[in-house]
**Student:** 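Here it is, the structure, as C-alpha cells.
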Amino acid sequence: MSSEINMSTSTAEALAVSTSPHIRDEATVGSIMWKVVLALSPALMGAVYFFGYRALMLAVISMGAAIAIETLWEWLTKRPVTAYDGSAAVTGLLVAFVLPANASLGMIVTANLVGLVVGKHLFGGLGNNVWNPALIGRAWVHFCWPAEMNMSEWPTLANYGAADIGGRLTANIASADAVTQATPLNSKAIATVLDGGGERMYSLAELFFGFNRPGCLGETSVLLLAIGGAYLISQKLIKWYVPLIYIGTVGLMTALIPYGKAGVDGSWPAPWTMPVYQMMAGGLVIGAFYMATDMVTTPLSRKGQVVFALGCGVLTASIRLFGGYPEGVAFSILIMNSAVPLIDRYTQPRVYGT
Amino acid sequence: MMARRFRGGTHPDDRKAPTAGRPVQPLELPAEVVLPLAQHIGAPCEAAVEKGDTVHKGDLVGKPKGFVSVPVHASIGGTVKKVEPRPHPLGGMVPSVAIERGESDEWASWCDKPQDPADMSPEDIRKRLLGMGLVGLGGATFPTHVKLSPPDDKPIDTLVINGVECEPYLTSDHRLMLEHTDAVVDGIELIRKVLGVERVIVGIEANKPDAIEAMRKKVETRPGWSVDELPVMYPQGGEKQLIKATLGREVPSGKLPMDAGVVVHNVGTCFAAAEAVLRNRPLIERVVTVTGDACENPGNFLVRLGTPLSNLVEAAGVTQELRRVILGGPMMGLAQSRYDVPVIKGTSGVLLLTGDAQRAYRDCIRCGRCLDGCPAGLNPSLLSVQLEARRYPDAAETNMFDCIECGVCTYVCPSKRPIVHWVKWGKGEVNKRRKKA
C-alpha cells in the first residue's frame, strides 16, 4: 500500500543505498562448487560400481575430512568459515578420485590435510592458491606412500574377489589385502598395445567405459567423466576447448612421436591405436575436465587458457613418452599451475580501441 | 541465435514485460517542481529568475555558462518560490529553482509554434537545440549541440541512432519509437542535416520487434538510412559498443566517437530535438519508466522535469517490500536515499526494488567471467585485486580509465565483488593525485 510508505525526507534509513549494478547474477562461489560436485557424481557412481562400496566410503570420508580440516583451520586462524561453500568438498572428492581404491585412510586424510593447509590456506584460501590443492595432496601422498602409488599395479573390482559387497565397507582398509594388476599405462600393458598382432591387456572399450580397468577411483570411466564435463560446459563453468586441447595435444604427440620399436611379432600397431589409447588411459580425462579447468589455478583469459592446456598436453605426453614414470597428468598440471602468473601477464585481453 | 557483434557483454533477464506494452501516459502535474541548474555534463547554469517571479511553461530559468552548457526552462507555469540548493539525484545539494504551480499550464508566448525546417541552416538547428536545452537523454546528458559541432579535421560519415535500450526494466525509448515514430524520424533528419551525413543506422535490439517494424517503415524509405536489428546483449547501448556493433569500428582509447567518424544520438534525444526545433518546445518533460518488483502499477509516464520522485512513486504504487529506489537502469542507475529528489533530463527510469543491496563479498576465485564479459577488454579481476588493496597507480596501469562502468563484471561475479564501485573510487583517487601533481 503506497499510502503507508513514509516518504518524508528523513527516510534515509528506510532505503538501502549502494552503487551499481543493482542486480546480480545468481551464481555464487557455492553454487559453482556444488555444481562441480554434481558433475563428478556420475564418475562417483561409476567408481562404486567398479570398485564396490569401499569407493563410496573413501569419497565420503575424503569429502568429510576436507570440510572438517578447512573448518578447523579457519576456526584456528580466526578467519570466516567458508568450509561449506563446496570448494573443500570438491577438493575432498578429487583427492579420493586421484587415489587408488586400496588407498588407506591415512593416505586420504594426509592428502586432504596437505592439500588444504599447505596447498590452499597457507596461500590465503580459495582464490589465492597457486596450485590445485587436490593435486598437491596427491603429490605429497605419492612420495610418502611410494609403493602404494607406484602406478604400475592397482586393484580392480575383480581383484577383490569377494561377492559380499557390503562386507567391503569395512574390509580391505589395508592396501595389502587387495590383489593388484598392471594399470593401463604400465609398461606391460603398453607393450600389449604396441604388439599389433597380440591380444591387448585392455581394449579401447574397457578404457572408455571403465570396466576391469585398474586406476584411481574416479579416473577409470572416460564416458562418465565426459558426461560430467559436458554438464560443466553447458553450465559455462568450464571452457570446452581446454579439455579438447589438452587431450588433443596428448593424442597428437603420441601419434607423431614413434614409440621406437615394433611389436613382438615384428609388426607395427595401427597408427591410431596408441594415441587413442593414451588419450583414454590414466588420469588424462579427469585432469583435463576437472583440474586443468580449475578456476583458481589456471589463467584468466581465453588466450591464457589455450596456452595452459597446450602446455599441460605437451608436458603430459613428454612425461609419458620420455619420462621414467608412466603417468604425468598430475605433475603436468602442477607445473603449468606455477606458470599461470607468467601466462596471465602475456595473455591479457585486447583493450577496446587499442 | 544471432552472433554478438561487440566484445563481451552479458545477458541479464530483461524484465521489460511489465511496461513494454504500457502506452506513455502523462503524469499528473506536481504542486511544485524543483529544477536543478545542473542537469547536464558541463558547466552549471546561472539562475535567470528570482524568488517571486511569475513564469510560464517554457520560460528560461537557467542561463548556460560556457560552450559545454545548456539552459534550463520552467516545466510548469507558476511562481518562483525559491532559488536555493536542493537535493540532487546525482548526490549532494545543487542550486535549484523551485516553482510553485499556478493556475495556467499555457506555454510561454514564444513557445509551441510550428516551424518550417526547410528555412533552417545547420547552424540554425544547432542554435535552436542549444536554446531549447537539449542534452543526450539516454542518461549521459551531454549537451547535444556540442556533439553536433565536430571540428573540421574530424569528418563524420555516419549517424548512429541508439534505440538499443539494453538496460533491463527500461522501456521509455521503446514506447517512443512505437508511439512517436514520425517525430523520432523527424528528429533524426534534423540531426542528420546538421552533420551533413548520408548514412544513418538505427540500432534496435531484437527484443523490440514492434519498434523495429515501426521504425523500418519510416526509416528504410530514405536512401542511406537503415534499421539494424541487433542481438540482445548488455551493454550494447553503450556508445562505443553500439559503434562496434553497427559499423565494426572502434573508437580509439581515450577518444570520442567523432574520432571514428561517427556521432551517436539516442532516440529520446531525437524525439526531443523534433519537439524543440519543429514546434519550439523547450525540453521540459521526458518519458520515464516506473517499474520494479516492488512496484504495483508499473508504467511509462510523461513527466515534467523537476517533478519530485515521490509523485512518481505514488502514481505507480509500491508494496511494503520496497527497499531500494534506483534512478536509471539496474546496471548503471543511481540508488536514492530520499524521495524529494527531482526528475531531471537524464532520468530514464525509476526502479522500485525489493531486497537489500549486496554488501558481502569474498576473494576473487579467478573464474574469468569478468574478463569474458568486459566489453572494454579489461582485466576486472586484476583491477579488483589492485583496487581492494588501494594500489591506485597500479590500477591506472591496468587500463582502469578505459572502464565504461557498465557493471557487467560486478553483475557476473560469483564472489560478489563490488568491482565497479572500486573502479569509480579509484578513478577519483587517481584524478585527485594528478591534480595535486
**Student:** First locate atom SG of B:Cys406, then atom CD of B:Glu167, and finally report the distance between them rounded to the nearest 0.5 Å.
**Tutor:** 9.5 Å
**Student:** With only heavy atoms counted, which part of A:Asp344 is less than 4.5 Å from chain B, the side chain, the backbone, both or neither?
**Tutor:** side chain
**Student:** If you tally heavy-atom pairs under 4.5 Å against chain A, which of B:Gly368, B:Pro168, B:Gly333 wins?
**Tutor:** B:Gly333
**Student:** Sort out for me which of B:Lys240, B:Glu250, B:Lys424, B:Arg369 touches chain A most, counting heavy-atom pairs under 4.5 Å.
**Tutor:** B:Glu250
**Student:** Taking B:Pro418, B:Pro252, B:Pro308 one by one, which has the highest count of heavy-atom pairs under 4.5 Å against chain A?
**Tutor:** B:Pro252
**Student:** Does any part of the side chain of A:Thr297, heavy atoms only, come nearer than 4.5 Å to the side chain of A:Val130, both counted from C-beta?
**Tutor:** no
**Student:** So which part of A:Ile23 gets closer than 4.5 Å to some heavy atom of chain B, the side chain, the backbone, both or neither?
**Tutor:** both
**Student:** To the nearest 0.5 angstrom, please state how far the CG atom of B:Leu327 sits from the CG atom of B:Leu309.
**Tutor:** 5.5 Å
**Student:** Does any backbone or side-chain atom of B:Arg7 lie under 4.5 Å from a heavy atom of chain A? Answer side chain, backbone, both or neither.
**Tutor:** side chain
**Student:** How far does CG of B:Leu383 sit from CE of B:Met400, to the nearest 0.5 angstrom?
**Tutor:** 7.5 Å
**Student:** Give me the contact list for residues 63-86 of chain A versus chain B, heavy atoms only, anything under 4.5 Å, ordered by residue number.
**Tutor:** A:Thr82, A:Asp85
**Student:** Out of B:Ile404, B:Asn379, B:Val420, which one racks up the most heavy-atom pairs below 4.5 Å with chain A?
**Tutor:** B:Asn379
**Student:** Tell me the closest heavy-atom pair linking B:Met233 and B:Cys166, and the distance in Å.
**Tutor:** O-CB, 4.3 Å
**Student:** Please determine, among B:Gly254, B:Cys364, B:Ala376, B:Gly407, the option with the most heavy-atom pairs under 4.5 Å with chain A.
**Tutor:** B:Ala376
**Student:** Under 4.0 Å between a Lys/Arg side-chain N and an Asp/Glu carboxylate O for B:Arg338 and B:Asp340?
**Tutor:** yes
**Student:** If you count heavy-atom pairs under 4.5 Å with chain A, which of B:Pro414, B:Ala357, B:Gly328 comes out on top?
**Tutor:** B:Pro414
**Student:** For residues A:Ser87 and A:Lys120, is any side-chain donor paired with an opposing acceptor at under 3.5 Å?
**Tutor:** yes
**Student:** Drop me the distance from A:Thr347's OG1 to A:Arg302's CZ, to the nearest 0.5 angstrom.
**Tutor:** 13.0 Å
**Student:** Let me confirm one number: the CE-CD1 distance from B:Met331 to B:Ile326, rounded to the nearest 0.5 Å.
**Tutor:** 12.5 Å
**Student:** Under a 4.5 Å heavy-atom cut-off, does chain A meet the side chain of B:Cys374, its backbone, both or neither?
**Tutor:** neither
**Student:** Side chain, backbone, both or neither: which part of B:Arg249 has an atom under 4.5 Å from a heavy atom of chain A?
**Tutor:** backbone
**Student:** Is chain B contacted by the side chain of A:Ser20, its backbone, both, or neither, given a heavy-atom distance below 4.5 Å?
**Tutor:** both
**Student:** Would you mind checking which part of B:Ser381 comes under 4.5 Å of any heavy atom in chain A, side chain (CB onward), backbone (N, CA, C, O), both or neither?
**Tutor:** side chain
**Student:** Check each atom of B:Val251 against the heavy atoms of chain A and say whether the ones under 4.5 Å are side chain, backbone, both or neither.
**Tutor:** both
**Student:** Is the shortest distance from a Lys or Arg side-chain nitrogen in B:Asp372 or A:Lys239 to a carboxylate oxygen in the other one below 4.0 Å?
**Tutor:** yes
